[in-house]
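Each remark here refers to the structure printed beneath this line.
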Amino acid sequence: KQEVTQIPAALSVPEGENLVLNCSFTDSAIYNLQWFRQDPGKGLTSLLLIQSSQREQTSGRLNASLDKSSGRSTLYIAASQPGDSATYLCAVPTSGTYKYIFGTGTRLKVLA
Amino acid sequence: EADIYQTPRYLVIGTGKKITLECSQTMGHDKMYWYQQDPGMELHLIHYSYGVNSTEKGDLSSESTVSRIRTEHFPLTLESARPSHTSQYLCASSPLGRGGYNEQFFGPGTRLTVL
């Protein structure tokens with residue numbers, strides 16, 4: 001059964017720092033991996049989708065990498081800003097179904 | 001930007017009432033999902049659909065029911081609301097795509113409080 005873990009659970013950094021969020025999954029047979037951002041009380045906003053054939057994807061200050069063999073993905077945020085404060089979630093589809101498994105999330109706070 | 005809508009955004013209701021949470025998307029996506037999320041907690045899938053007239057229960061047992069009569073519409077109904085149903089309900093959709101797996105888009109959520 002696929003399990004998705006995110007470390008750290010919470011992170012507080014000063015503005016301007018580069019930071020890395022981690023996502024681990026136990027079953028490497030995934031089709032893709034998606035990173036989301038969630039602000040308190042709101043829905044999820046899609047940040048990046050990495051297909052299984054890709055090693056990384058970039059969008060602005062965000063860069064996500066995928067290493068299927070080791071069951072890991074990282075989300076790199078460059079030059080962090082207070083507006084980046086949110087919870088970041090990763091999700092993978094489960095094999096043979098149309099369902100997705102979500103990680104427990106990393107709650108990020110960027111201090112001005 | 002994803003065009004997926006949920007109404008109402010906030011709902012406070014008394015125990016025993018019947019409620020329907022609406023979810024609509026204008027992207028023609030085949031797959032739609034309902035998740036339940038308590039504050040600061042993880043998402044739990046409660047229902048999903050991969051097309052018209054198809055609905056499946058998710059991983060978290062729920063007393064709610066869903067229907068999928070039209071591609072763009074996936075309402076969730078609680079026949080008799082209870083305080084234990086107090087939570088945030090998130091709707092999502094995704095195109096079927098190659099291999100069956102594709103990007104998920106989420107609505108803004110409905111925060112339900114049952115008194």
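Chain identifiers are assigned alphabetically (A, B, ...) following the order of the sequence lines, protein sequences preceding nucleic acid strands; residue numbering begins at 1 within each chain. Only this structure's heavy atoms are used, side chains among them; waters, hydrogens and symmetry mates stay out.
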ILVMFWY cluster, Met32(B) and Tyr5(B) together (side-chain gap under 4.5 Å) | no
Measuring from Arg9(B):CZ to Lys42(A):NZ, what's the distance to the nearest 0.5 Å?
-> 7.0 Å
Would Leu89(A) end up clustered with Val110(A) when hydrophobic side chains under 4.5 Å apart are linked, directly or stepwise?
-> no
Taking C-beta and beyond as the side chain, do Leu45(B) and Ile101(A) meet within less than 4.5 Å on heavy atoms?
-> no
Can you tell which part of Gln37(B) gets under 4.5 Å to a heavy atom of chain A, answering side chain, backbone, both or neither?
-> side chain
In Å, rounded to the nearest 0.5 Å, how long is the span from CD of Gln34(A) to CZ of Phe105(B)?
-> 7.0 Å
Correct closest heavy-atom pair for Gln104(B) and Phe36(A) would be O-CE2, 3.7 Å
Check the surroundings of atom CZ in Arg107(A): do more than 12 heavy atoms from other residues, nucleotides or ligands lie under 6.0 Å from it?
-> no
Residue among Gly105(A), Pro40(A), Gly41(A) with most heavy-atom pairs under 4.5 Å to chain B = Gly41(A)
Report, as yes or no, whether the 6.0 Å neighbourhood of atom CG on Leu115(B) holds more than 12 heavy atoms from other residues, nucleotides or ligands.
-> yes
Just wondering, are more than 12 heavy atoms of other shown residues or ligands nearer than 6.0 Å to CZ in Arg111(B)?
-> yes
Hey, quick one: are Leu47(A) and Ile30(A) part of the same hydrophobic cluster, counting side-chain heavy atoms closer than 4.5 Å, chains of contacts allowed?
-> yes
Find out whether Tyr100(A) and Tyr35(B) are in side-chain contact, i.e. whether some heavy atom of one side chain is under 4.5 Å from a heavy atom of the other.
-> yes
Are Leu60(B) and Leu76(B) co-members of a hydrophobic cluster defined by side-chain heavy atoms under 4.5 Å apart?
-> yes
Does some side-chain heavy atom of Glu42(B) sit less than 4.5 Å from a side-chain heavy atom of Phe102(A)?
-> no
Is Phe74(B) linked to Tyr50(B) within one hydrophobic cluster, defined over Ile, Leu, Val, Met, Phe, Trp and Tyr using a side-chain heavy-atom separation of less than 4.5 Å?
-> no
Name the region of Leu49(A), side chain, backbone, both or neither, that has any atom closer than 4.5 Å to a heavy atom of chain B.
-> side chain
Taking C-beta and beyond as the side chain, do Phe106(B) and Gln38(A) meet within less than 4.5 Å on heavy atoms?
-> no
Pick one of side chain, backbone, both or neither for Pro108(B), based on which atoms fall under 4.5 Å of a heavy atom in chain A.
-> backbone
